[in-house]
Amino acid sequence: MSEGDSMEEEFLPDKIESKWQQRWNEEEIFIADINSDKEKFYCLEMYPYPSGKMHMGHVRNYSIGDAVARYRRACGYNVIYPMGFDSFGMPAENAAIAEGGHPREITNRNIALIKEDFSIMGFSHDWGRELMSHDHNYFRWNQWFFLKFLEKGLAYRTFANVNWCDDCNTVLANEQVHNGRCWRCSREVEQKDMDQWFLRITNYAQELLDCLDDIDFPSHVKALQRDWLGRSEGALIKFPVDGDEGLVIETFTTRPDTIFGVTFVTLAPENPLCESLVAGHENESKWRELRKQATMLSDMDRGMLKEKKGVFLGRYAINPLNGEKIPIFAGNFVIASYGTGSVMAVPAHDQRDCEFAFEHDLPIRRVLIENEDDDLEAEIERAFEGYGTMVNSSREGFDGLFGDDAKRAVIDALENENSGNGMIQWKVRDWLISRQRYWGTPIPIIHCDECGLVPVPEEDLPVLLPDDVTFTGEGNPLESSPTFSDVSCPTCGNDAKRETDTMDTFVDSSWYFMRFTDANNDNECFSNDAADYWMNVDFYCGGIEHAQMHLVYARFWTKALRDLGLHKEDEPFKELLCQGMVNAQAPYCKPCNVTHPTLERGNPCPLCSGELDERSAKMSKSLGNTVSPISMVEQFGADTVRLFILFAAQPTAGMDWSDTAVEACNRQMRSIWNLARDMLSWGDDTSTVDSWLATQFQVRKTEWISAMEGVHLRAAVMLSHYEVYSDLIWYQRRGGQNGTLVRTLLLDWAQMLHPATPHIAEELWAAAGGDGLIAARALNFNDEEIGETNILARELFVHSFIDQARQMKELAERHIDGEATSVTIQCAEAWKGELVRTGIELLENDFPMKGAMGEIMSRPFAQDEEIRRLVPGAWKRIMKQLYRWSPAERSVLKANLDEIGILRDTADFIGTELGVMEVNIYLAGDGEDVGGKAKFAYPSEPGIAYL
RNA sequence: GCAGGGGUACCCGAGUGGUCAAAGGGGCUGGGUUUAGGUCCCAGUGCGUAGUGCUUCGCAGGUUCAAAUCCUGUUCCCUGCACCA
């Protein structure tokens, strides 16, 4: 083996880290190219919004991704691991309004700053593929896609009632409204009627739902997406209005089997039908009042309403299946925007309708029966909402049907008579992508008085953002720019106006992972070949906050581009990992249930003046409990911070920042360094524990690989950074000092250290004489077969013997009233070993243990008169243990170790460990029974007596 | 109300039938090393005990030779959806 570079005396991260980072850069080893000989692996983190500073969330995100990317490279995959910036969006524009300047300059400056922060962590990103949303070479493809969608009818403009945030000065998608408030600024959202651009995501609703079964997303993310898509299956039923030829109320229901129990129909107060129905009736003003109340309330507030208010609209509808006349109401609990904005009411089988019926004294008719002997005429207290057998049907052929059969029969009847049909209703609406803000992708449309909406011709793309704007915070800046707005119509040449809406920034993040596959392509969004080689993303890591919007939009966009023939994948992300939050302690008042800023630490609660507790809370500026990654790296080095991040919690769990734990990780790094340095200076003395170390290390490697394969990063780091270290310490304690052995081992160990802490790994690799850079090579483990397992069993026996003996010593010294100077170890007689092995054998062969005694007594070893007498007592004890032995312990026992030989070989070590001068070892019965301890001797548990 | 995830020792946290009095880390205690502090190494950290015992994994039951782990009920916490027809 070649002599390696010598190691510094001390672990000095600031000295080694930049050195290796520079080497990685110079040798361009993270630059990925298509290579059809190698299997590809696409590792990706959600690309960040470029604030000017890296925070712990970034560090955690990329420490996870980087470990995966480095491991996959080591496995011989062709890894693509790109990075870029989600750089459009309101923070930069708001900063421009607040401080002056231009969002572009602010964004570029922030990107430069955060990239500098990233660089000290040693992540293995391929910066050759860097992209930024606000780069026109990127967003021009947003515009191009938009035109393609327009051609295919996937994009459209319509006048709609939309969510408006007055602070952000823009409309919002439904998903961007949380509890009736803007997701960004928390201002209450208003409803406005505006012309807006939409994408027809509903076309893909079914596929988005179905494909969830085939992708490896966490179950709660799938649940969230299913909720959001909100599929319900049922029927559309038409109720003609009595006395008004042609006027029909359409209702959607999931329970057509209750059609004969309909006793009224309820419309949302905002339903346009209401006006014509109630016109001229005495309740007209009551309805107007109800509508006014309803429109003033957000959907959220309406959800809070307990009181079911309704107004009879003075007219009747006809049940299409039995011709019955039923009253029409407007009800404040019916949502205008869900389904048809009207409900067929079945008070006997829907609790909400039931309450409304009680309130307004409406008839209740039971048409499903729960139990055979139910009395159908009995008064009900609440609705029976489960499935039941149809009864009381006002037409032939329905009574007796149940569940799906019942539904099917009703739907068939409706379809035959042209009064309804089976139907699937979705909660998801089309994606509203218009935003009335500057810092986003301009929508490539021109408004011409003559020609209407005219798409910008493809050759005129990109539509750039103008510079002649001022950011006042009043209105859409694009409207104030004449160079932007005033254009001539591409079709007729007349004066026309450019569309001033820009696209939701979620458009940018909906396909960036595909652009990464061919990021520097000036002629296409990406080439088919590149996308087909690299897609889809094998491992995607990011925050749970994107479970709905980003992760649904990206799935939709991927499918839409597939249908444009741009690539072949159905799904963008194969496996998703949602990293947990990074928390830190903050003052907390339990009675008030309020977390306070760290400034209040030591003070009484500002609200109740009680004493403040501590509790862990998400790191945030407002609480002031953030920890700066940069200062941590300056203090301890990037490797320590990365080790802490991976070791403090599993990737998906929340983690608490702890200064003492970080310091402990730093100590561990130093320990590894010092041990490695010592190992390099060892001579070549062989010893009996060499084979143990070699075998044990093989086992560690195997365990580590399986942990890494499962992305159990915490378990993997525990093995690579702690267990291997402990093994080496034990080896040393046992007298191991074989330099040749440990230097070979060090080459493998460095490879295990590499994914989490790459800098120290490179350093150890080089010092041990490894060729080139670890980061650049496929895993090259010296993997001999795992040796004889008896080697491990022997050492396990020694270790556990010392643990037992140490415990006994403490007790013994209390008895002999002084320090013990000698220990006498009596190993169990051969027949006890036979007994144990017989027991294990019977157990493993599923022998009925109740009859074990008879079987044992028939064995040769039990034929001796004296032994025969002792067997039942010993068996009683062994029986108890039998089930409790671990496979490892069983293997020790089955190995039928020469306990006396092993202990005699180890006698010096035992003496030192136990702190006694004299160690006597013999078979129980062969020498004096010191202290009467022979009776405690069992296989792997010798009798121990101190003097 | 519905859905999903949780409650493990001083703290964090592993743990899906026997490998469990329960990994690992932090903290704390003791010992060694050191001029000292730090580092480093070793040990201890439910109770008991010259060894096979007792009690404990939110609470209460149950299944089993055996339960932190499986079942039932209950309580508390988190997350999402919510008058969705």
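Numbers restart at 1 for each chain; the letters A, B, ... are given by sequence-line order, proteins then strands.
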**Request:** Looking at every strand, decide which applies to A:Y946 at a 4.0 Å heavy-atom threshold: base, sugar-phosphate, or nothing.
**Result:** base
**Request:** Give a yes/no on whether any side-chain N or O of A:Y722 is located under 4.0 angstrom from OP1 or OP2 of B:G24.
**Result:** no
**Request:** Scan A:T254 against the nucleic acid and name what it touches under 4.0 Å (heavy atoms): base, sugar-phosphate only, or nothing.
**Result:** sugar-phosphate
**Asked** If you measure from the P atom in B:G53 to the same atom in B:G58, how many Å do you get, rounded?
**Response** 24 Å
**Request:** May I ask you to say what A:A812 touches in the nucleic acid, namely base, sugar-phosphate or nothing, with a heavy-atom cut-off under 4.0 Å?
**Result:** base
**Message:** Categorize A:Q650 for me: base, sugar-phosphate, or nothing, with a 4.0 angstrom heavy-atom threshold over every strand shown.
**Reply:** sugar-phosphate
**Item:** Within-4.5 Å side-chain heavy-atom neighbours: A:L267 and A:V334
**Value:** no
**Request:** Scan A:G943 against the nucleic acid and name what it touches under 4.0 Å (heavy atoms): base, sugar-phosphate only, or nothing.
**Result:** base
**Request:** Could you state the atom-to-atom distance from CD1 of A:I335 to P of B:A85 in whole Å?
**Result:** 10 Å
**Message:** Applying the Watson-Crick and G-U wobble criteria at under 3.5 Å, what pairs with B:G1? Answer none if nothing qualifies.
**Reply:** B:C81
**Prompt:** Mind checking the P distance from B:U8 to B:C81? Whole angstroms is fine.
**Reply:** 27 Å
**Request:** Report the distance from atom CZ of A:F333 to atom CG of A:D353, rounding to the nearest 0.5 Å.
**Result:** 6.0 Å
**Asked** B:C40 phosphate, OP1 or OP2: any side-chain N/O from A:R667 under 4.0 angstrom?
**Response** yes
**Asked** With a non-hydrogen cut-off below 4.0 angstrom, is A:F11 in contact with a base, only sugar-phosphate, or nothing?
**Response** nothing
**A:R806 vs B:A50: side-chain N/O to OP1/OP2 distance below 4.0 Å** = no
**Prompt:** Touch check for A:K809, heavy atoms < 4.0 angstrom, all strands: base, sugar-phosphate only, or nothing?
**Reply:** nothing
**Request:** Name the nucleic acid region contacted by A:T266, choosing base, sugar-phosphate or nothing; use a 4.0 angstrom heavy-atom cut-off, strictly under.
**Result:** nothing
**Message:** How many whole angstroms separate atom CD1 of A:I645 from atom P of B:G13?
**Reply:** 15 Å
**Asked** For RNA chain B, whose closest nucleotide is more 5', that of A:P942 or that of A:A648?
**Response** A:A648
**Message:** Does A:H815 reach a base, just sugar-phosphate, or nothing at all? Heavy atoms under 4.0 Å.
**Reply:** base
**Request:** Tell me what A:R714 touches on the nucleic acid: a base, only sugar-phosphate, or nothing, going by heavy atoms under 4.0 Å.
**Result:** base
**Asked** Which is true for A:I729 with a 4.0 Å heavy-atom rule: it touches a base, it touches only sugar-phosphate, or it touches nothing?
**Response** sugar-phosphate
**Message:** Using a 4.0 Å heavy-atom cut-off, does A:A945 contact any base of the nucleic acid, only the sugar-phosphate backbone, or nothing at all?
**Reply:** base
**Prompt:** Cation-pi between A:K832 and A:Y938: NZ/CZ under 6.0 Å from ring centre and within 45° of the ring axis?
**Reply:** yes
**Asked** Any side-chain N or O of A:Y725 under 4.0 Å from OP1/OP2 of B:C41?
**Response** yes
**Complete:** Comparing A:Q668 with A:H220, nearest RNA chain B nucleotide closer to 5' gives the residue A:H220
**Asked** Can you check whether A:S232 has a side-chain N or O nearer than 4.0 Å to OP1 or OP2 of B:C84?
**Response** no
